[in-house]
Structure formats: structure tokens, C-alpha cells
Undergrad: 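Have a look at the structure that comes next, please.
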There are 2 protein chains.
Amino acid sequence: MKLSTRTRYAMRAVLELANNYGNGPLQTRIIARNQDISTKYLEQIMAALKSTGLIRSQRGAKGGYILANPPEKIKLSDVFDVFEGPVVTVECVADEKYCKRAPDCIARQVWSEVQRAVRNVLQSTTLQDVIDKAKVTKSDYQI
Amino acid sequence: MKLSTRTRYAMRAVLELANNYGNGPLQTRIIARNQDISTKYLEQIMAALKSTGLIRSQRGAKGGYILANPPEKIKLSDVFDVFEGPVVTVECVADEKYCKRAPDCIARQVWSEVQRAVRNVLQSTTLQDVIDKAKVTKSDYQI
DNA sequence: ACTATGCCTACTACTATAATAGGAATAGTA
DNA sequence: TACTATTCCTATTATAGTAGTAGGCATAGT
């Protein structure tokens, strides 16, 4: 169980946008450079993020991307779900009809619990939460 | 983020062994039939489970597999880790040296939290716990 | 007009997954 | 001893997804 590179890049890109929130659009080129990501690949990822309404774009020179909502209104699950989908473990966890064995399947209960744990983290944390936490850590270092 | 079929089959097979614990070896053929899994594919999965020491085998007629330890001594993470590995999200979560950006990476904190949540479930639950919980549910139905 | 950006589409190398297949080795049993 | 049921070992394969690379069009600012 490992995250796709797309999801990891997406999360890093969105966190950059969150950090930049209020300062106008941020360019793919800049994000890619900051994060050591292929610009062309990131372009595709940004397009997907945009198509879900998570971010907005401004075309042309001095264009770029901004978050569609303030960082405290965006949950990590919003970003996560773009590529990893709402299902974290197995389809039958979300859709009992997916498998006829589901009602009696004790393995399903296991994956339900795991899924619940993951979604609990992702849904209860906003981009702003992450940024704030990072700042606290930073200042701890400086003491 | 979805589980591999191997991991799901492995979990179901091991739970069958847990249910059968104390009744001698259980055959791949039986498990495969009970669980609607390709016998040949399950054979490979059982071999992998055995190589980690999680289960033991008896060869020849009337052979089969048994858990190497009683169900209350086996954690779900023991089964999970055979195919999904101990890393649930990203390598850098377990190994900071994996990426030079790790110390400052705020995305890494996100994936750390998710990983912690998953491992918490898998490490705090045993096969016996799952079986017991399933029984409770069953008896609820009968009321 | 020029340039910097997003937007769109196609292509590709690589890898993992989920099997299928065949047969050798072993152990119980008639 | 022969027979049979099982694990064990190895090879092969079809398919899909991933992680890019690439080229050029559309748009907006200067």
C-alpha cells in the first residue's frame, strides 16, 4: 500500500498554493522547481486538480494557480481523493453490493476499520492545520 | 490507494486458518473453494505467508496449513506486512534519509499521520479479535 | 509583436499485478 | 508397493497503471 507519485506531488503542490494564498497566482514552473518535480508532469496534475474545482487557474503571462477556497476550508481528503479516490482499501467497504460475500465477510470488517482510520485523519485536517503545525515545529527548532 | 488482491486473499486465508485453529491442517484447495479464490494463485500466496514464518505447512496427503501461533498472538499487521510492507504511505516516513527534503517537508507530516493511523489499527488487532467481533455481530442478528 | 503561461493530446518505457500452467517432492493409506 | 492428495518450485503471460516525455495551441500581459 503505497501512495502514487501523483498524489504526493498533488499534495505538495496544493500545500505550496496554501502557503502562497493571498499573494496571487503561483506558476507550475515555480512549484515544480521548488519541489523538484517535472514541470510537464505537474502540469497534468494541476489540470486534474483544477477539473475537480479544488484550484483555479489564470491563463497567460503572470498567470498560474490559486486555491479555489482558503486553506482552512480545504480538507486533506479533498486533495487525496482526486487521485486515490474515496476508497482507501477495498470497494466492498463502500459498496456492499460489490461482492455477494460482503455481509458475512469478516475480512471486510478489517478493511472497514482501516479505511475509517485513514479517512478520519484526512477529513479532520485542513491545509491550514498542516501549515500551522509546520510553523510550530520550525519555531521549536529555533529555541 | 487500494489493497492488492494478494493482501486481501492472504487476510481471508489467514482468517480461515484462525477459525480452524486446533483442528489440524487446512488445505489450500478448501480455502480456495470457501473463499472463491484461484487455487493455484492461492498456493503462491500461502508459500509467501509461510516464508515469513506466519504459517506452517504439512506436506503430502492430509497435509495443509496451520497458523504458526495461536490467533490471539497474531496481529493483523503481521499479515498485512507480508505483501504491503511496513510502509503504508511513502518511504520517507520510515526513512528520513530517503529524501533530502524530508526534514522540512510538510507533506511528509501528513503521510506520517496517515501511516500512524493505519498501523495503529493493524497492530492493535489480532486475528482472534476479528473472529470474536464477527461472532458478536452474528448473535446480534439472531436476537 | 513578443513572451510567459495554462491547456490539450498523443506517445512510451517500465513495472506490478493477477493470474495460468506444468510438474517434482512428499506423506499418508490401501 | 502402488496410489493419491497434497505442498513446493518455476516459468510464462495478458493487462493495466504509473510516471513520465513531447509538441504545439490558446490566451493574457507588456
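Naming convention: chains lettered A, B, ... in sequence-line order (proteins, then strands); numbering from 1 in each chain. Both backbone and side-chain heavy atoms feed into the values below; hydrogens, waters and symmetry mates do not.
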Undergrad: Could you list where the contact with chain A starts and ends along DNA chain C, reading 5' to 3', using a 4.0 Å heavy-atom cut-off?
TA: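 Under 4.0 Å from chain A, the extent on DNA chain C is C:dA4 to C:dA10.
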Undergrad: Can you find a heavy atom in the side chain of B:Leu42 that is under 4.5 Å from one in the side chain of B:Gln35?
TA: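 A side-chain contact under 4.5 Å is absent here.
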Undergrad: Check residues 72-83 of chain B and write down every donor-acceptor pair under 3.5 Å in which the side-chain atom is one partner and the other belongs to a residue at least two apart or another chain.
TA:
from	atom 1	to	atom 2	distance (Å)
B:Asp78	OD2	B:Lys75	N	2.9
B:Asp81	OD1	B:Arg119	NH1	3.3
B:Asp81	OD1	B:Arg119	NH2	3.3
B:Asp81	OD2	B:Arg119	NH2	2.8

Undergrad: Atom CD in B:Gln115, atom CG in A:Leu3: separation rounded to 0.5 Å?
TA: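 Reported to 0.5 Å precision, the distance equals 9.5 Å.
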Undergrad: If every non-hydrogen atom of B:Ala47 is compared with every non-hydrogen atom of B:Tyr65, which pair is closest and at what distance?
TA: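 The answer is N-OH, 4.4 Å.
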Undergrad: Are the side chain of B:Arg108 and the backbone of B:Cys92 linked by a donor-acceptor contact shorter than 3.5 Å?
TA: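 Yes; judged by distance alone, with no hydrogens or angles, the pair exists.
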Undergrad: For the residue pair A:Asn20 / A:Glu16, report whether a side-chain donor-acceptor contact shorter than 3.5 Å exists.
TA: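 Their side chains do not contain a donor-acceptor pair, so the 3.5 Å distance test is not met.
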Undergrad: Return the value, rounded to whole Å, for the distance between atom CD1 of B:Ile45 and atom C1' of D:dC9.
TA: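 About 16 Å, once rounded to whole Å.
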Undergrad: Does A:Leu122 offer a backbone N or O that forms a donor-acceptor pair with the side chain of A:Thr125 under 3.5 Å?
TA: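 No.
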Undergrad: With A:Arg29, which residues qualify under salt bridge (Lys or Arg N to Asp or Glu O under 4.0 Å), at least two apart?
TA: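 Residues passing salt bridge (Lys or Arg N to Asp or Glu O under 4.0 Å) with A:Arg29: none at all.
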Undergrad: In dot-bracket notation, what is the pairing pattern of DNA chain D, taking Watson-Crick (N1-N3 plus N6-O4 or O6-N4) and G-U wobble (N1-O2 and O6-N3) contacts under 3.5 Å, with [ ] crossing and | for other strands?
TA: ||||||||||||||||||||||||||||||
Undergrad: Of all residues at least two apart in sequence or in a different chain, which pass the salt bridge (Lys or Arg N to Asp or Glu O under 4.0 Å) check with B:Arg116?
TA: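 So B:Arg116 forms a salt bridge (Lys or Arg N to Asp or Glu O under 4.0 Å) with B:Glu113.
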Undergrad: Which residues pass the salt bridge (Lys or Arg N to Asp or Glu O under 4.0 Å) test with A:Lys50, not counting sequence neighbours?
TA: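 Salt bridge (Lys or Arg N to Asp or Glu O under 4.0 Å) list for A:Lys50, sorted by chain: empty.
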Undergrad: With a 3.5 Å distance limit and no angle check, can you tell me whether B:Glu84 reaches the backbone of B:Ser4 through a side-chain donor-acceptor pair?
TA: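 Yes.
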Undergrad: Kindly state which residues belonging to residues 22-30 of chain B come within less than 4.0 angstrom of DNA chain C, counting heavy atoms of the residue only, listed by number.
TA: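 Hits under 4.0 Å, by residue number: none.
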Undergrad: Return the polar atom pairs (N/O with N/O) between nucleotides 12-18 of chain D and the protein under 3.5 Å, or none.
TA:
from	atom 1	to	atom 2	distance (Å)
D:dT18	OP2	A:Arg6	NH2	2.7

Undergrad: Out of curiosity, does A:Leu15 fall in the hydrophobic cluster containing A:Ile66 (side-chain heavy atoms, cut-off under 4.5 Å, transitive links)?
TA: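 No; A:Leu15 is not reachable from A:Ile66 via cluster members.
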Undergrad: Without swapping roles, check the side chain of A:Asn34 against the backbone of A:Ile31 for a donor-acceptor pair under 3.5 Å.
TA: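 Between the backbone of A:Ile31 and the side chain of A:Asn34 there is no qualifying donor-acceptor contact (under 3.5 Å).
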Undergrad: Can you find a side-chain donor-acceptor pair between A:Glu43 and A:Thr28 that sits under 3.5 Å?
TA: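 Not at all, the side chains of A:Glu43 and A:Thr28 share no donor-acceptor pair under 3.5 Å.
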Undergrad: For A:Arg12, check salt bridge (Lys or Arg N to Asp or Glu O under 4.0 Å) against everything at least two apart and list the hits.
TA: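 Salt bridge (Lys or Arg N to Asp or Glu O under 4.0 Å) list for A:Arg12, sorted by chain: empty.
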Undergrad: Mapping B:Gly63 and A:Gln58 to their closest nucleotides on DNA chain D, which lands nearer the 5' end?
TA: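 It is B:Gly63, whose closest nucleotide lies nearer the 5' terminus.
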Undergrad: Dump the pairs, protein N or O against N or O of nucleotides 22-26 of chain D, anything under 3.5 Å, distances to one decimal.
TA:
from	atom 1	to	atom 2	distance (Å)
D:dG23	O6	A:Lys40	NZ	2.6
D:dG24	O6	A:Lys40	NZ	2.9
D:dA26	N3	A:Arg59	NH2	3.3

Undergrad: Partners of B:Ala68 by side chain to side chain contact (heavy atoms under 4.5 Å, CB included), sequence neighbours excluded?
TA: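 B:Ala68 satisfies side chain to side chain contact (heavy atoms under 4.5 Å, CB included) with B:Arg56 only.
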Undergrad: Go through residues 32-39 of chain A and report each residue with a non-hydrogen atom lying under 4.0 Å from DNA chain D, sorted by number.
TA: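 Of all residues in residues 32-39 of chain A, the ones placing a heavy atom under 4.0 Å from DNA chain D are A:Ser38.
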Undergrad: When clusters are formed by joining ILVMFWY residues with side-chain heavy atoms under 4.5 Å apart, either directly or through shared neighbours, do A:Val87 and A:Val114 land in the same one?
TA: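 Cluster IDs for A:Val87 and A:Val114 differ.
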